[in-house]
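Worksheet: one structure, shown below.
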Amino acid sequence: MMVMRWQLAYPETPVPFIGEFLWENGILLPEVYNSLGAMHGTIMIFLGVVPLAVGAFGNYFVPLQIGTIDMAFPKLNMTSYWSYFVGGVIMVASFFTPEGAARSGWTSYPPLSVFEPGQTLWLIGMVFLITSSLLGSINIIVTIVQLRAPGLKWMRLPFFVWAQLVTSFLLVLAFPPLEAAAVLQLMDRVVGTSFFLPTGLVVSGEMVAATGGGSPLLWQHLFWFLAHPEVYVLILPAMGIVCEVIANNTRKPIWGYKSLVYATVFLGFMSFIVWAHHMFMTGMGATMSAFFQTTTMIISIPSVVILTAFFLSLWGGSIRFNTPMLFALAFLPMFGIGGLTGLPLGLSASDIPLHDTYYVIGHFHYVVAPGTIFALFAGIYYWYPKMTGRKMNETLGKLHFWPSLIFMNGIFMPMFIQGLAGISRRLWDGGAIYSHAADTLWLNEVMSVSAWLLGIVQLVFIVNFIYSMKKGEKAGRNPWDATTLEWVAPSPPIAHGNFESEIEVHRGAYEYSVPGRTRDFTPQTEPKKSDN
Amino acid sequence: MEIPYTVEERPDTGLNNSKLGIWLFLASEIMLFGGLFSAYVFLRMGAPDGAFHEWGQELNIPLATVNTLVLITSSVTMVMSWASLKMNEFSKYKLYMGVTLLCAVGFLVIKYFEYTAKFDHHIYPSTNTFMAIYFTLTGLHGLHIIGGMIVMFYFWFPGSKMWQTEPEHFANRIEVLGLYWHFVDLVWIFLFPILYLL
Amino acid sequence: MSGQDHSDIQSHIRTYMLVFGALAILTVVTVGASYLEVTSGESIFIALIVASVKGSLVASYFMHLISERTMIINILLLTIAFFFVLMFLPLMTTTDASQILQ
């Protein structure tokens with residue numbers, strides 16, 4: 001990504017340090033730029049955020065938060081991990097093949113993706129990654145449904161667990177159509193079928209030697225049938241983490257717990273019937289686009305309910321501004337910006353001029369980069385004591401947070417300006433050949449510098465992470481005075497079995513600052529009779 | 001510590017873990033084949049009038065009918081092998097499971113003859129969109145059959161030792177395997193008419 | 001399905017045999033119907049109806065869905081709902097395409 005930003009800021013100048021080893025003259029080639037773009041999307045989503053948010057956090061903290069010893073199917077868990085590993089190796093290895101990595105964008109739209117080299121490995125890798133996600137999410141659902149500790153009723157579950165449950169359902173039901181589509185595209189590439197190739201297709205001035213009869217639209221439908229729920233796969237676990245951190249650090253019960261839960265379930269359901277708002281440009285008719293505009297507007301309601309509930313939770317709380325809370329607080333406006341800038345894209349009239357411009361890039365990056373990634377950082381800072389038995393350093397944490405916040409906005413805010421000026425995404429020269437782009441081109445440099453600085457700031461996090469493992473302040477079982485079950489276990493939890501004794505749950509997840517009690521938090525395991 | 005509810009049912013859901021797990025897996029399978037069925041409908045609607053029917057004339061209906069009956073039979077023997085376990089008749093279980101495995105082999109053999117007959121007539125997936133979806137759907141279905149056969153073979157021979165130590169757990173595993181196998185049968189029940197008869 | 005005695009299983013087995021018979025007959029029926037001289041619309045209708053009946057027989061009796069727990073039924077209903085969304089997907093695109101042509 002940083003190499004790409006070099007090319008965008010200083011088109012056709014050699015990339016410093018590494019350029020001369022990789023390409024003639026040290027200039028990033030357009031094909032490689034395309035590969036990097038496609039693989040950036042793929043790696044970030046399928047190898048980065050999903051495995052981290054669902055695979056890692058889900059796997060580690062769902063059993064802890066529901067008070068059980070392990071996931072329901074340990075062997076399936078291992079299969080899922082190794083399937084992910086194989087998929088990851090295939091994806092990364094594709095850079096080093098003579099053909100190079102896939103370069104048709106992470107959306108892999110045919111017909112381009114049927115002809116461009118590198119795509120076959122991408123598809124095979126995706127099949128492994130999808131399988132991994134499927135197995136993992138089946139495991140999470142069964143764990144949540146079956147292994148809840150005695151007394152942990154549905155409405156006593158921490159919101160993080162609810163988010164994981166809905167996410168897993170999305171993965172189970174939305175991923176298979178993409179797997180089907182990947183198989184079809186593989187057939188197109190390997191045995192010469194024409195699922196996605198229309199009749200009479202001409203490439204580089206020559207008729208394509210395929211029978212035709214298929215349609216690229218089929219791919220788009222199947223792809224977005226997954227990829228829209230995928231957006232919620234990326235954001236829901238993040239919301240779950242933010243909810244935990246906010247409830248803990250405002251020392252208040254989360255506002256509107258039940259409405260949060262219902263909103264999340266509704267969100268999950270709706271996410272299956274909005275996909276075609278990614279396809280307003282395909283020439284769909286008024287009926288279809290009216291339907292999808294309506295559902296898109298409807299789905300924004302539960303998101304707003306969730307965000308509002310978080311904001312209202314802050315009201316009147318005695319907020320502790322520690323590093324996890326800072327990241328969680330930053331999530332709220334960042335996700336807000338990401339969500340609100342999405343509204344014009346959900347209405348076809350305003351989507352058509354904005355489609356495929358940097359505005360779109362800015363919009364979804366606000367959701368996943370300062371949104372989801374900040375939430376994941378909040379989760380890491382918040383649960384680090386549970387995983388290692390030591391707290392992360394607060395000073396370094398703040399040194400990580402503030403510059404990250406500034407540079408994140410430095411990268412993505414200018415994208416809205418460029419997008420509104422009409423600069424398209426996926427341009428190798430960042431728009432330099434277009435006259436309409438001239439006024440906003442200087443922003444490329446701002447974004448690129450921000451990106452490099454952001455990269456440097458992450459070193460602080462890495463240093464903190466490693467340093468605190470050995471030298472961090474010792475944390476007990478419950479360093480944050482939290483109520484949920486994971487804090488009952490020793491830090492780090494026992495390798496086989498998590499807890500020392502069986503857990504029994506007597507109350508809801510967020511009993512903070514209940515009037516009349518001696519402490520401002522009441523763990524879920526505390527029997528009812530000890531009230532007052 | 002043991003993971004709870006691997007064998008016995010959780011009181012409030014009335015399910016054991018693997019039962020819920022396999023149904024979720026089947027739900028995802030429904031969506032997988034759903035995607036492909038939807039591709040079939042899409043291509044059929046996009047093809048010239050009657051073309052799909054005409055291209056489909058190449059297929060061998062009698063062989064496919066036999067195959068349908070073979071697969072239905074295997075489904076019955078599968079459920080019978082589970083019922084035998086429930087009645088504590090292990091030798092009958094072995095017999096029924098063996099027959100199921102045999103049916104699966106038979107299905108693949110017939111499929112093999114169908115495929116080679118097509119190739120002999122120079123009909124390939126790239127011939128037209130009907131053949132493309134035909135080979136994709138039946139091929140994927142065939143892979144499911146092979147997957148099922150591997151598991152069946154395991155429980156028929158090396159894995160059946162478990163019956164001596166944990167009979168109930170073993171019977172549950174056969175039930176889960178059965179659910180998968182019936183699903184494969186179910187998919188074929190829909191594939192047969194839409195590919196061969198329409 | 002635990003806690004059943006032998007006579008229960010015996011009656012199950014009788015059901016399995018009946019279902020088996022029904023499936024075999026329906027297979028023959030659907031093949032026979034495909035040779036009838038009917039319009040393609042009618043034949044699609046017949047074939048899909050027969051297939052659905054066969055499918056529900058397998059699901060209800062072999063897979064015991066008829067006496068399954070509500071949680072599993074609910075998960076399947078949800079899945080079926082989205083399955084139908086998938087099925088309507090091609091339909092939606094083509095209706096729109098014809099609108100554009102007009």
Side-chain angles (χ1 to χ4, degrees), chain A residues 68-74 76 130 134-135 137-139 141-143 145-148 153 168-169 171-181 183-184 186-188 190-199 209-215 217-219 221-222 225-226 494 496-499 502, chain B residues 1-6 8-48 51-52 55 119 123-137 139-140 143 176:
Chain A
T68 189
I69 59 172
D70 198 350
M71 300 290 279
F73 306 114
L76 194 70
I130 293 171
L134 280 177
L135 300 179
S137 47
I138 289 173
N139 207 347
I141 297 176
V142 175
T143 307
V145 172
Q146 291 284 100
L147 302 189
R148 278 167 293 133
K153 297 177 194 147
S168 303
F169 263 106
L171 285 172
V172 166
L173 295 180
F175 248 141
L178 182 68
E179 192 152 28
V183 169
L184 296 181
L186 210 54
M187 294 285 283
D188 270 8
V190 178
V191 294
T193 55
S194 313
F195 287 111
F196 303 125
L197 301 179
T199 314
T211 54
S215 166
L217 275 185
L218 177 61
W219 169 268
H221 276 297
L222 291 174
F225 188 86
L226 155 90
I494 300 165
H496 288 282
N498 284 344
F499 301 94
E502 285 220 7
Chain B
M1 274 195 267
E2 286 287 307
I3 295 168
Y5 312 118
T6 40
E8 77 281 20
E9 290 159 358
R10 184 180 163 107
D12 58 350
T13 56
L15 296 166
N16 61 43
N17 296 345
S18 35
K19 187 85 156 283
L20 182 60
I22 191 72
W23 274 112
L24 286 167
F25 177 71
L26 293 184
S28 80
E29 290 277 52
I30 292 175
M31 294 308 280
L32 173 69
F33 281 99
L36 293 170
F37 278 135
S38 141
Y40 167 87
V41 178
F42 189 91
L43 294 174
R44 192 183 173 105
M45 288 165 81
F52 246 51
W55 291 330
F119 296 148
I123 296 170
Y124 301 104
S126 52
T127 306
N128 53 45
T129 46
F130 174 80
M131 283 302 161
I133 194 80
Y134 163 78
F135 278 106
T136 311
L137 275 169
L140 204 64
L143 285 180
V176 165

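A note on names: the letters A, B, ... follow the listed sequences, proteins ahead of strands, and every chain is numbered from 1.
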Answer key: most heavy-atom pairs under 4.5 Å with chain B among A/L173, A/T143, A/L222, A/L171 is A/L173

Considering only heavy atoms, which portion of A/I138 lies under 4.5 Å from any heavy atom of chain B: side chain, backbone, both, or neither?
both

Is the backbone N or O of B/Y5 less than 3.5 Å from a side-chain atom of B/R10, with the two atoms forming a donor-acceptor pair by type?
no

Shortest non-hydrogen contact between A/N498 and A/I69, atoms and distance:
ND2-O, 3.4 Å

Contact part of A/L178 toward chain B, heavy-atom cut-off under 4.5 Å: side chain, backbone, both or neither?
neither

Using a 3.5 Å cut-off and no angle test, enumerate the donor-acceptor pairs between side-chain atoms of residues 20-29 of chain B and protein atoms at least two apart in sequence or in another chain.
unit_1 : atom_1 : unit_2 : atom_2 : d
B/S28  : OG     : B/F25  : O      : 2.7
B/E29  : OE1    : B/H144 : NE2    : 3.2
B/E29  : OE2    : B/H144 : NE2    : 2.6

Largest heavy-atom contact set with chain A, pairs under 4.5 Å, which of B/D12, B/N128, B/I30, B/I133
B/I133

Parallel, tilted or perpendicular: which fits the ring planes of A/F196 and A/W219, with parallel below 30° and perpendicular above 60°?
perpendicular

For A/V191, is it the side chain, the backbone, both, or neither that has a heavy atom closer than 4.5 Å to a heavy atom of chain B?
both

In chain order, what residues pass the side chain to side chain donor-acceptor pair (under 3.5 Å) check against A/D188, with sequence neighbours excluded?
A/T193

Side chain from CB out, backbone as N, CA, C, O: work out which of these in A/L147 comes under 4.5 Å of a heavy atom of chain B, or both, or neither.
both

Under 4.5 Å from any heavy atom of chain B - which part of A/F175
neither

Among the listed options A/L184, A/V183, A/T199, A/L135, the residue most often paired with chain B at heavy-atom distances under 4.5 Å:
A/L184

Taking the six-membered ring where the residue is Trp, are the ring centres of B/F42 and A/F195 under 6.0 Å apart?
no

